[in-house]
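Okay, structure first, notes after.
Numbered from 1 within each chain, the chains take letters A, B, ... in sequence-line order.
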Amino acid sequence: MRSSQLLIPTLREAPTDAEVASHILLVRGGFIRRLTTGAYTWLPLGLRVLKRIEAIVREELVIAGAQEVLMPVVQPAELWRESGRWDTMGPEMLRFTDRHEREYCLSPTQEEVVTDLFRRVVTSYRQLPCNFYHIQTKFRDEIRPRFGLMRAREFLMKDGYSFHLDDASFEAAYSAMHDCYSAILRRLALDFRAVEADPGAMGDGDSHEFHVLAGSGEDVIAFSPASDYAANLEKAEAPVLADDHPVEPLATVPTRGMKTIAEVSEHLRLPASRCVKTLIVHADSDGEGPSLAALVVRGDHELSEAKAVRLQGIRRPLTFATDAEIKSAIGASPGSLGPVGLSLPIIADGTAAAMTSFVCGANEDDRHHVGVNWERNVGNVRVADIREALPDDMAADGSGPLEFRRGIEVGHIFKLGDKYTRSMGVSVQDRDGRSVTPIMGCYGFGVSRAVAAVVEQCHDERGIVWPESIAPFTTHIVALTGKRSTAVEAAAARLYEELTAAGVDVLLDDRDERPGVKFADADLIGIPHRVTVGERGLKNGIVEYARRDGTESRELALDEAVAHLARARNAPAAGIL
RNA sequence: CGGGGCGUAGCGCAGUCUGGUAGCGCAUCACACUGGGGGUGUGGUGGUCGCAGGUUCAAAUCCUGCCGUCCCGACCA
């Protein structure tokens, strides 16, 4: 392609609405433009990258034994009512009605539709196992879209679903998909971790996320450098920390105006780790009035909402009781709460429950207890892991202390069990003619988010540094054509023709621009191999070659340039190329 | 949903407090010079100042409502 024939609207300055590197550079480089909140148009350069990632995803999925289909974006409400998710999905699913008042949603995911497809088409164990995927536009009405492509409302996702008669077959597919996603991310040249994750609204089984490590990531992953253990912070098990503090006598002290652990611990000259905090949340309602429960964690620990919401008896989604509800149920305000004498179900984090003597609110405004002992002063308490793990906590596999890194979730694989096949009445006949409910796996990969993730990891102060596998072009010929330099023009054109004929994807900058502009744009766009053709070199029969990543810079004799450059190839991309 | 910021030419911004003929840089168009890291000069194009209503002789500027957009927060006692 010649630059003169391609719309590449580069920007010298970053638009004010862009914050993170990927958003800024993709807009400045002319890859994407925003249409509305969380929705982007793919310009020619951006689309080439997107298609290349798609191509890699397809190649790896073929190896993993998946088959491609394409399912609709518009989905009927009835299917979602069958699975029970029409009511539980919440406002992130965009719903609308057609002219006949029939209800629909815009696909946020595809379990219902694929399960419906399966039950209509597959009837015998002979057709199992099977694994369908498609690459399709998804829409999720995110509460706060941000960071450009990283958290968009409309995005491109590869989602796949496998169906199995038994666990062994399922485990094989799950493991194949685990390998497949690792292979894809390696081909995208990304530094990533596969981590244990919380499946959230998708199911109740295990799940694994694939995180690209980047400081701008929205998730925190906890991992052990000493082993393979890695988990999303939402999921990472927090160890029980032992307490060898002597048991103390109970006392009640005035704490006028003190509402926070920090204030109370400073006043009492005790560390926050000798206090507990008591959070009041809504429990599953038993009909009459608000039903509440108390969650207790050590004062220097944070409640993990993701863990708390999975507790039996806690209302989903997790909601905290209002000040008024607390006042009326307990008779005290937030800031003076504690487990002593509390007539609510109490769930204590393991570490809090292991404390021998602690400080807590007295359930009476402006008063706290000190020297509280669970057995002596509280009694019946449920114990569960409900705190967030911290750096230096022992990893769940016992291999060593945890470290934290931020990550961008680009892939997530789930064990769905029979959640959908059962609720939607799917069965196939087994070898003996009996009806069996198949089990499912589900495998998502954010194609458009992966574009952002690559840029987050691969850029410098001048622009993007695309990995060869997905760069919009392999080689960038920068022709330093002054107006009178027809020799440069001719040499660059010949090089372009020969490389293209040799199968290299070449972008020829044939614009009538000054060298500085061309170099700056080339750095911004980030094509891996650059060849500069100028009068200076031509006089000596050479062109200049440089890699965008800075690892190589040298002169090439004009007559060996094609042979040298033809070695660099990237992945073929279907459709547009 | 709550709080805050912003909305003036394609992009980045000034002007708003204190009402009086709409500006700057970049981009863009023409011409000339220049030609190895965003060059220079001259002359142009381009804006119902987010929308609607109000106050006023007069509104980008003051008031009201709405819309858009970005950031923070959404109960961690």
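- Nucleotide B/rG68 forms a pair with B/rC6, judged by Watson-Crick or G-U wobble geometry with both contacts under 3.5 Å.
- Between A/Asp243 and A/Arg298, none of the side-chain N atoms (NZ, or NE/NH1/NH2) sits under 4.0 Å from a carboxylate O, so this pair counts as no salt bridge.
- In this model, a side-chain donor or acceptor of A/Arg530 finds a partner on the base of B/rG37 within 3.5 Å.
- Nearest to the side chain of A/Arg144, among B/rU34, B/rA77, B/rG73, sits B/rG73.
- Under the 30°/60° scheme for interplanar angles, the aromatic rings of A/Phe358 and A/Trp374 are found to be tilted.
- The residue A/Leu295 sits apart from the nucleic acid: no heavy atom pair falls under 4.0 Å.
- As rounded to the nearest Å, B/rU64 and B/rU18 have P atoms that lie 15 Å from one another.
- Between B/rG2 and B/rU40, the distance separating the two P atoms is 50 Å to the nearest Å.
- Comparing the P positions of B/rC67 and B/rC11 gives a spacing of 23 Å, expressed to the nearest Å.
- One interatomic measurement links the two molecules: CG of A/Asp17 to P of B/rC71, which rounds to 8 Å at whole-angstrom precision.
- If you check every strand for non-hydrogen atoms under 4.0 Å, A/Arg28 touches a base.
- Here B/rC71 presents its P atom at 13 Å from CD of A/Glu142, a figure rounded to the nearest Å.
- Rounding to whole angstrom units, CZ of residue A/Phe320 and C1' of B/rG73 are separated by 14 Å.
- At the heavy-atom level, A/Arg151 lies nowhere under 4.0 Å from the strands shown.
- Using atom P as the reference point in both B/rG54 and B/rA60, the two lie 15 Å apart (nearest Å).
- Atom name C1', nucleotides B/rG50 and B/rU42: the rounded distance is 36 Å, in whole Å.
- Closest approach to the A/Thr36 side chain among B/rC71, B/rU69, B/rA77 is made by B/rU69 (side chain taken as heavy atoms from C-beta onward).
- B/rU40 is paired with B/rA32 under the Watson-Crick or G-U wobble criterion, all donor-acceptor distances under 3.5 Å.
- The local environment of CD in A/Glu375 is sparse, with at most 12 non-hydrogen atoms from other residues, nucleotides or ligands closer than 6.0 Å.
- Residue A/Thr37 is in sugar-phosphate contact alone, with no base atom involved, counting any heavy-atom pair closer than 4.0 Å across all strands shown.
- Salt bridge status for A/Asp509 with A/Arg2: absent, with no side-chain N to carboxylate O gap under 4.0 Å.
- The side chain of A/Leu337 has B/rA77 as its nearest neighbour among B/rC26, B/rC11, B/rA77.
- Put simply, CD1 on A/Ile143 is 14 Å from C1' on B/rC71, counting in whole angstrom units.
- Electrostatic pairing of A/Lys327 and A/Asp365 counts as a salt bridge here, judged by a charged N lying under 4.0 Å from a carboxylate O.
- Within 6.0 Å of atom CE in A/Met1, 12 or fewer heavy atoms from other residues, nucleotides or ligands are found, so the atom counts as exposed in its surroundings.
- Rounding to whole angstrom units, CD of residue A/Glu325 and C1' of B/rA77 are separated by 15 Å.
- For B/rG73, the paired base is B/rC1 (Watson-Crick or G-U wobble, both distances below 3.5 Å).
- Of the P atoms belonging to B/rA58 and B/rC71, the separation is 41 Å, rounded to the nearest Å.
- With distances taken from any side-chain atom of A/Arg514 to the nucleotides B/rG37, B/rG35, B/rC26, the minimum falls on B/rG35.
- Atom CD1 of A/Ile24 is separated from atom C1' of B/rC11 by 14 Å (rounded to the nearest Å).
- Using C1' as the reference atom, B/rA59 and B/rU21 are 13 Å apart when rounded to the nearest Å.
- Between A/Asp509 atom CG and B/rG38 atom C1' there is a gap of 13 Å when expressed in whole angstrom units.
- The existence of a salt bridge linking A/Arg153 and A/Glu142 is excluded, since no basic side-chain nitrogen approaches an acidic carboxylate oxygen closer than 4.0 Å.
- Among B/rU69, B/rA77, B/rG37, the nucleotide with an atom closest to any side-chain atom of A/Arg34 is B/rU69.
- Residue contacts shown for A/Pro515 are limited to sugar-phosphate atoms, with no base heavy atom under 4.0 Å away.
- Partner of A/Glu218 under the salt bridge (Lys or Arg N to Asp or Glu O under 4.0 Å) criterion, chosen from A/Arg144, A/Arg406, A/Arg146, A/Arg449: A/Arg146.
- Rounded to whole Å, the P atom of B/rC26 lies 38 Å from the corresponding atom of B/rG73.
- At a cut-off of 3.5 angstrom, counting only N and O atoms as typed in the model, there is no donor on one side facing an acceptor on the other between the side-chain of A/Glu513 and the base of B/rG39.
- Look at CG on A/Asp512: it is 11 Å from P on B/rC31, rounded to the nearest Å.
- Distances shorter than 4.0 Å separate none of the side-chain N or O atoms of A/Thr16 from OP1 or OP2 on B/rC70.
- Summary of the strand contacts: A/Arg146 and A/Phe519 both lie near RNA chain B, and taking for each the nucleotide with the nearest heavy atom, the more 5' one is attributed to A/Phe519.
- As judged by a 4.0 angstrom heavy-atom cut-off over every strand, A/Gly537 is placed among the base-contacting residues.
- Between A/Phe147 and A/Leu279, the residue anchored nearer the 5' end of RNA chain B, judged by the nucleotide with its closest heavy atom, is A/Phe147.
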